[in-house]
Amino acid sequence: SVGVSVMLLPGVGITFATAGMLSAGGHCHTFDSRADGYVRGEACCAATLRVSSFAAHDTLRVVGSCVRQDGKSASLTAPNGLAQQSLLEAALADAAVVADSLACSEAHGTGTSLGDPIEARSLAAAVLARRGGGEALAVGSIKANCGHGEPAAGAGGLLRLLLGLCGAEAPPNAQLQVLNPHVSAALAGKACALPTQPPARR
């Protein structure tokens, strides 16, 4: 599985900037009250998938997956929360796991004042509301670190999540200083953590 995004020409960036989709400050402030749009990023990510019977002891298993279309929404920048919730529920069902078994979640987290709260509400409804009183689910997004890799964004997020799992730590959320109040409201009372610093030790 490979994802590549290279920005060779300025046309797309100019179009997105003109449409007001990009961050004026040049940072993806995922889940932050300063979120004002996303930042385009370049990426080249690859992961090797093996048949489970040949997997080495240091590999991680993929137990389920799901692909969905975002459904109807008001615009390109307004995600469909119900479609996101359906995706999460279907992924859990395909993996045959319960929400309590999850340790962390890699969010889409583009850093927009509209999209981030919608995603937080979807995660709260599909996953967090079904968890018991155990350890908080760590949530983060690679886009705050290196921008939106567009066609490579999913692969980049997967690798960030895998590196965290291999090190038994939740990767921190770069740029997060003051939580978006709508994200905060969506996650209120739920066992959820948005780490901002790497752990002191693994």
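- Residues Leu128 and Leu179 fall within the same hydrophobic cluster, defined by Ile, Leu, Val, Met, Phe, Trp and Tyr side chains chained together at heavy-atom separations under 4.5 Å.
- Val4 is connected to Leu8 through a chain of hydrophobic side-chain contacts under 4.5 Å among Ile, Leu, Val, Met, Phe, Trp and Tyr, so both are in one cluster.
- Judged by distance alone, the side chain of Ser5 and the main-chain N or O of Glu150 form no donor-acceptor pair under 3.5 Å.
- Interatomic distance, CG of Leu114 versus CD of Glu119, reported as 11.5 Å (0.5 Å rounding).
- Between the side chain of Asp70 and the backbone N or O of Pro79 there is no donor-acceptor pair closer than 3.5 Å.
- One finds a salt bridge joining Glu89 and Arg130 here, because a Lys/Arg side-chain nitrogen approaches an Asp/Glu carboxylate oxygen to under 4.0 Å.
- You'll find the side chain of Phe16 reaches within 4.5 Å of the side chain of Arg40, heavy atoms only.
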So Asp36 and Ser23, side-chain hydrogen bond (donor to acceptor under 3.5 Å, both in side chains) or not? Walk me through it.
CA-CA 5 Å; Asp36 64 346; Ser23 169; 2.7 Å; yes
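- Annotation: side chain of Val98 is not in contact with side chain of Arg131 (no heavy-atom distance under 4.5 Å).
- Residues Met7 and Val12 are not in side-chain contact: their nearest non-hydrogen atoms beyond the backbone lie 4.5 Å or more apart.
- Under the 4.5 Å side-chain heavy-atom criterion for ILVMFWY residues, no single connected hydrophobic cluster contains both Leu159 and Ile142.
- Not one N or O on the side chain of Gln85 forms a donor-acceptor pair closer than 3.5 Å with the backbone of Ala125.
- Between the OG atom of Ser113 and the CG atom of Asp32 there is a distance of 11.5 Å, given to the nearest 0.5 Å.
- When all heavy atoms of Ala174 and Asn145 are compared, the pair lying nearest together is CB-ND2, 3.7 Å.
- Annotation: side chain of Leu162 is in contact with side chain of Leu158 (closest heavy-atom distance under 4.5 Å).
- Atoms CD1 and NE2, from Ile118 and His108 in turn, are 11.5 Å apart once rounded to the nearest 0.5 Å.
- The backbone N or O of Ser73 lies less than 3.5 Å from no partner atom in the side chain of Asn80, so there is not a single donor-acceptor pair.
- Of all non-hydrogen atoms in Ala124 and Ala186, the two that sit nearest each other are CB-O, 3.5 Å.
- In this structure, Leu88 is a member of the same hydrophobic cluster as Val97, with clusters built from ILVMFWY side-chain heavy atoms closer than 4.5 Å.
- Here the closest heavy-atom approach between residue Asn180 and residue Pro117 is recorded as ND2-CG, 3.8 Å.
- Using a distance-only test at 3.5 Å, with no hydrogens or angles considered, no donor-acceptor pair links the side chain of Asp94 to the main chain of Gly64.
- Proximity of Leu123 to Ser105: side-chain heavy atoms (C-beta onward) are separated by under 4.5 Å at one or more points.
- By the 4.5 Å heavy-atom criterion applied to side chains, Pro171 and Leu163 are not counted as neighbours.
- There is a path of hydrophobic side-chain contacts, each under 4.5 Å, that joins Leu176 to Leu137.
- Formation of a donor-acceptor pair under 3.5 Å by the Asp100 side chain with backbone atoms of Gly132 is found in this model.
- Using a 4.5 Å heavy-atom cutoff, the side chains of Leu187 and Val139 are not in contact.
- Side-chain contact between Leu92 and Leu102 is present, with heavy atoms from C-beta onward closer than 4.5 Å.
- Using a distance-only test at 3.5 Å, with no hydrogens or angles considered, no donor-acceptor pair links the side chain of Ser86 to the main chain of Leu82.
- When all heavy atoms of Cys45 and Ala152 are compared, the pair lying nearest together is SG-O, 4.3 Å.
- The two atoms that bring Thr196 and Pro172 nearest to each other are C-CB, 3.5 Å, heavy atoms only.
- In this structure a side-chain-to-backbone donor-acceptor pair under 3.5 Å is present from Arg34 to Gln175.
- Residue Glu135 qualifies as open at atom CD: its count of foreign heavy atoms under 6.0 Å is 12 or below.
- Of all the heavy atoms in Asp116 and His29, the pair that sits closest is OD2-O, 4.1 Å.
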